[in-house]
Amino acid sequence: QQSFLVDSLELGKNLTRFVNYHVPMYSCCKSIEIDPQTFVYGMYHWIPSFDKYRVMTVFENHVHAFKRTKALRGNTPTENGTVYVGDGNFGAFLDEKCTPDKTIALFEKISSDNNLWLSIVDHKKVQHYAYNNSRVIMD
């Protein structure tokens with residue numbers, strides 16, 4: 001997967017880049033079961049690749065919550081970093097296993113609300129909107 005990721009990011013290095021995968025590297029949940037090997041691999045291989053190739057937005061899923069991180073590089077908030085959004089909660093039952101942890105400083109916004117991310121991309125700008133299940137923009 002790493003070589004495919006790097007090859008794909010390299011091919012699009014002059015384009016705006018987005019990534020989407022299932023289990024989040026930056027979960028907003030107080031406790032989540034993530035395979036430690038997968039987590040470590042992601043933190044040491046995927047995240048540095050996102051930083052190197054200046055991925056704009058990463059869409060994460062799995063834990064059925066709402067989140068948007070601050071812009072990050074090297075796991076540190078910074079201007080023009082990668083923003084991680086998710087976590088896959090549109091049309092799902094609210095997951096009682098995920099209690100958003102509001103003490104983590106990497107998050108700009110988090111909640112357990114149902115949500116859908118809509119991205120509008122044109123030749124001049126990119127806009128991401130999070131909607132709740134009542135069709136109201138949350139973020």
Side-chain angles (χ1 to χ4, degrees):
Q1 288 179 331
Q2 180 64 17
S3 61
F4 174 79
L5 174 65
V6 170
D7 290 347
S8 298
L9 292 172
E10 185 66 33
L11 282 172
K13 66 183 174 185
N14 296 320
L15 302 171
T16 302
R17 288 167 302 283
F18 307 99
V19 173
N20 184 340
Y21 51 82
H22 190 76
V23 179
M25 291 289 105
Y26 297 103
S27 173
C28 67
C29 300
K30 285 187 178 181
S31 64
I32 178 176
E33 291 182 25
I34 297 177
D35 173 46
Q37 183 175 352
T38 301
F39 180 76
V40 169
Y41 190 86
M43 280 294 172
Y44 286 99
H45 295 285
W46 288 19
I47 303 295
S49 293
F50 301 159
D51 291 349
K52 177 181 177 182
Y53 289 98
R54 303 229 177 251
V55 170
M56 176 185 272
T57 309
V58 173
F59 296 88
E60 300 185 314
N61 298 281
H62 184 66
V63 298
H64 298 178
F66 165 78
K67 68 118 180 276
R68 177 171 51 88
T69 67
K70 296 175 180 176
L72 304 173
R73 285 236 187 281
N75 300 310
T76 304
T78 185
E79 197 171 315
N80 297 318
T82 300
V83 176
Y84 296 77
V85 300
D87 277 330
N89 199 27
F90 185 70
F93 291 108
L94 294 179
D95 194 341
E96 294 177 6
K97 295 181 286 186
C98 179
T99 302
D101 187 348
K102 297 182 181 198
T103 65
I104 302 173
L106 297 178
F107 294 107
E108 197 70 46
K109 290 190 173 185
I110 62 174
S111 77
S112 58
D113 296 317
N114 286 105
N115 64 89
L116 162 86
W117 282 96
L118 172 67
S119 299
I120 300 172
V121 181
D122 66 29
H123 64 283
K124 293 184 180 179
K125 65 182 173 182
V126 174
Q127 296 171 293
H128 300 299
Y129 298 98
Y131 287 86
N132 67 16
N133 60 356
S134 297
R135 296 183 284 184
V136 174
I137 295 175
M138 302 169 48
D139 191 32

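Because the structure is predicted, anything quoted here is derived from the model rather than measured.
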Note to self: Please find the pair of heavy atoms, one from Val85 and one from Phe59, that lie closest to each other, and give the distance.
What the structure shows: CG2-CD2, 3.4 Å
Notebook entry, point to check: With sequence neighbours excluded, what pairs up with Lys52 under the salt bridge (Lys or Arg N to Asp or Glu O under 4.0 Å) test?
Noted result: none
Notebook entry, point to check: Within the distance-only criterion (no hydrogens, no angle test), does the side chain of Ser27 pair as donor or acceptor with the backbone N or O of Cys29 below 3.5 angstrom?
Noted result: yes
Notebook entry, point to check: Does any non-hydrogen side-chain atom of Thr16 lie less than 4.5 Å from one of Val121?
Noted result: no
Notebook entry, point to check: Are side-chain heavy atoms of Trp46 and Val55 found at a separation under 4.5 Å?
Noted result: no
Checklist line | By side-chain hydrogen bond (donor to acceptor under 3.5 Å, both in side chains) - contacts of Tyr129 (at least two apart) | finding: Gln127
Item checked: Taking every non-hydrogen atom, the tightest pair across Gly74 and Asp51 -> N-OD2, 2.7 Å
Notebook entry, point to check: Which atom pair, heavy atoms only, marks the closest approach of Ala71 to Val83?
Noted result: CA-CG2, 3.9 Å
Notebook entry, point to check: Hey, is the main chain of Gly86 close enough, under 3.5 Å, to the side chain of Asn61 for a donor-acceptor pair?
Noted result: no
Next item on the list: Could you tell me whether the side chain of Arg73 and the main chain of Asn80 form a donor-acceptor pair under 3.5 Å?
Entry: yes
Next item on the list: Would you mind reporting whether Thr69 and Glu108 have side-chain heavy atoms less than 4.5 Å apart?
Entry: no
Margin query: Would you say that Met138 contacts Trp117 through its side chain, given a criterion of any heavy-atom pair below 4.5 Å between the two side chains?
Written below: no
Next item on the list: Look at the side-chain heavy atoms of Ile, Leu, Val, Met, Phe, Trp and Tyr, link any pair under 4.5 Å apart, and say whether Ile104 and Val58 land in one connected group.
Entry: yes
Next item on the list: Answer whether the closest heavy-atom distance between the side chains of Asn115 and Asp113 falls below 4.5 Å.
Entry: no
Notebook entry, point to check: By side-chain hydrogen bond (donor to acceptor under 3.5 Å, both in side chains), which residues pair with Lys102, not counting sequence neighbours?
Noted result: none
Notebook entry, point to check: Is the side chain of Glu60 donor-acceptor paired with the backbone N or O of Met25 at a distance under 3.5 Å, no angle test?
Noted result: yes
Margin query: How about CD on Gln2, more than 12 heavy atoms from neighbouring residues, nucleotides or ligands closer than 6.0 Å, or not?
Written below: yes
Check: Under 4.5 Å between any side-chain heavy atoms of Ile47 and Tyr26, yes or no?
Finding: yes
Item checked: Side chain Lys109, main chain Phe66, donor-acceptor under 3.5 Å -> no
Note to self: For Ile110 versus Pro100, what's the shortest heavy-atom pair and its separation?
What the structure shows: CD1-CB, 3.6 Å
